[in-house]
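Contents: one structure, followed by commentary.
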Protein chains: 2
Amino acid sequence: MRPFSKVFERLKSAGLRPTRQRLALGKLLFENGDRHLTAEKLHTEALNEEIRVSLATVYNTLHQFTEAGLLREIVVDSSRSYFDTNTTNHHHFFIEETGDLHDIPADQVNLSDLPPAPEGREIKRVDIVVRV
Amino acid sequence: MRPFSKVFERLKSAGLRPTRQRLALGKLLFENGDRHLTAEKLHTEALNEEIRVSLATVYNTLHQFTEAGLLREIVVDSSRSYFDTNTTNHHHFFIEETGDLHDIPADQVNLSDLPPAPEGREIKRVDIVVRV
DNA sequence: GTGTTTGCAAAGTGTTTGCAATTTA
DNA sequence: TAAATTGCAAACACTTTGCAAACAC
């Protein structure tokens with residue numbers, strides 16, 4: 001494994017030790033364009049690439065990456081968690097039949113006139129899910 | 001139990017037999033304004049009102065009501081299902097800390113310029129969740 | 001070496017299911 | 001009485017956790 005790959009640097013600057021598992025999962029996640037993955041899917045993908053990693057580590061890693069701001073968790077299905085490698089402001093098409101997600105760039109929707117947040121709260125995020 | 005309550009009629013016209021459990025759950029759901037409930041919360045509420053009903057029946061009932069169009073399922077939390085007694089087009093504030101939902105009437109937001117659905121699909125629903 | 005990370009297996013949580021007993025029409 | 005519904009307990013799917021062994025620095 002090249003010691004100074006993009007992913008290596010990315011982990012270091014996020015304060016995460018670039019372990020074998022994190023590097024391998026990071027490469028799958030970040031070197032293949034924008035991706036939307038469940039833990040199970042990422043685990044399967046890793047095993048297919050001969051990367052030995054346990055499902056528990058995949059879960060831990062996804063959460064650590066999310067906390068570090070490298071991933072974003074998307075809620076579209078009440079029985080599964082999706083993680084999105086695109087952490088910028090954007091929205092989603094959710095294809096219910098297949099469980100696939102497609103990005104909708106924030107500048108392709110026009111949302112305005114949102115009422116103010118309930119007393120004493122502030123808006124953390126606005127998620128638009130278009131079910132198709 | 002009054003034989004011709006609103007709920008009784010509502011169940012009948014939805015093609016659901018007005019059993020003791022469905023009537024009792026229906027009253028809790030529909031005679032207290034707009035509500036957002038999880039199965040667990042509704043079950044607890046029922047037991048507090050001395051309504052003997054099993055959690056399995058609460059789940060079955062929520063799904064039957066949803067299929068019949070009396071409820072709508074809301075996805076905001078990847079570990080719990082919420083059911084909303086307001087089945088008209090509207091959106092939500094989600095208070096992450098407490099797990100509470102508040103309605104945002106559809107006419108209080110302005111959403112336009114949505115890109116077209118992916119090839120061969122049509123938009124079933126647009127959900128806006130404002131996390132606060 | 002020391003503290004962090006990993007893998008495993010076990011436990012946890014919310015939800016669904018099979019089936020006998022009960023209820024409704 | 002026939003068909004639908006219920007309750008229970010077991011099964012399920014996904015996720016988290018405790019802890020000893022392995023690894024990174």
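This one's a predicted model, so the numbers in the text were calculated from it and none came from an experiment. Chain naming here is simple, since letters A, B, ... match the order of the sequence lines and numbering starts at 1 in each.
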Distance in angstrom units between [X] [atom1] and [N] [atom2], rounded:
X      : N       : atom1 : atom2 : answer
R20(B) : dA4(D)  : CZ    : C1'   : 15 Å
E73(A) : dC14(D) : CD    : C1'   : 12 Å
L42(A) : dC14(D) : CG    : C1'   : 15 Å
L11(B) : dA25(C) : CG    : C1'   : 15 Å
K41(B) : dG14(C) : NZ    : C1'   : 14 Å
H43(A) : dT16(D) : NE2   : C1'   : 15 Å
L47(A) : dG7(C)  : CG    : P     : 10 Å
L16(B) : dA3(D)  : CG    : C1'   : 15 Å

Report task. Give R17(B) one of three labels, base, sugar-phosphate or nothing, depending on what nucleic acid heavy atoms sit under 4.0 Å from its own. Result ->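 The residue R17(B) makes base contact.
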Requested in this report: Considering non-hydrogen atoms only, spot the tightest contact between V109(B) and P115(A) and give its length.
Outcome: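 Scanning both residues, the minimum pair turns out to be CG1-CD, 4.1 Å.
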Requested in this report: Kindly give the heavy-atom pair with the smallest separation between I104(A) and V130(A), and that separation in Å.
Outcome: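 Here I104(A) and V130(A) meet closest at CD1-CG2, 3.9 Å.
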[X] and [Y]: side chain donor to acceptor below 3.5 Å:
X       : Y       : answer
D127(B) : H92(B)  : no
E73(B)  : S81(B)  : yes
H91(A)  : D103(A) : no

Report task. Might you work through the salt bridge (Lys or Arg N to Asp or Glu O under 4.0 Å) test for R35(B) and E45(B), ending with a clear yes or no? Result -> CA-CA 13 Å; R35(B) 309 205 65 190; E45(B) 220 172 85; 2.7 Å; yes
Indicate whether OP1 or OP2 belonging to [N] is found under 4.0 Å from a side-chain N or O atom of [X].
X      : N       : answer
R22(A) : dT5(C)  : yes
S81(B) : dG14(C) : no
Q21(B) : dG7(D)  : yes

Report task. Evaluate the ring planes of H63(B) and F83(B), with Trp represented by its six-membered ring, and classify them as parallel (under 30°), tilted (30 to 60°) or perpendicular (over 60°). Result ->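 Taking F83(B) first and then H63(B), their aromatic rings stand perpendicular (interplane angle over 60°).
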Query raised in the report: Do R17(A) and L11(A) come within less than 4.5 Å of each other through their side chains, counting heavy atoms only?
Result: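 Not touching, per the 4.5 Å side-chain cut-off.
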Query raised in the report: So L23(B) and T19(B), side-chain contact (heavy atoms from CB on, under 4.5 Å) or not? Walk me through it.
Result: CA-CA 6 Å; L23(B) 280 166; T19(B) 64; over 6 Å; no
Report summary line: Intra- and inter-strand pairing of DNA chain D, written as dot-bracket with Watson-Crick and G-U pairs under 3.5 Å and | for the latter, reads |||||||||||||||||||||||||
Query raised in the report: With the threshold set at 4.0 Å, does a side-chain nitrogen-carboxylate oxygen contact exist between E40(A) and R80(A)?
Result: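 A salt bridge is absent here (no side-chain N lies under 4.0 Å from a carboxylate O).
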Requested in this report: Kindly state which residues belonging to residues 49-61 of chain A come within less than 4.0 angstrom of DNA chain C, counting heavy atoms of the residue only, listed by number.
Outcome: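 Within residues 49-61 of chain A, the residues near DNA chain C are R52(A), V53(A), S54(A), A56(A), T57(A).
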Query raised in the report: Which ones in residues 62-69 of chain B lie close to DNA chain C, meaning a heavy atom under 4.0 Å from one of its atoms?
Result: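 DNA chain C contact set from residues 62-69 of chain B: H63(B).
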Requested in this report: For R125(B), look at atom CZ and say whether over 12 heavy atoms of other residues, nucleotides or ligands are found less than 6.0 Å away.
Outcome: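 Yes, enclosed.
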Query raised in the report: Between A39(B) and P18(B), which is nearer to the 5' end of DNA chain C once each is assigned its nearest nucleotide?
Result: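 It is A39(B) whose nearest nucleotide is closer to the 5' end.
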Query raised in the report: When rounded to the nearest 0.5 angstrom, what is the spacing between CG in L101(A) and NE2 in H36(A)?
Result: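 Separation between the atoms: 5.5 Å.
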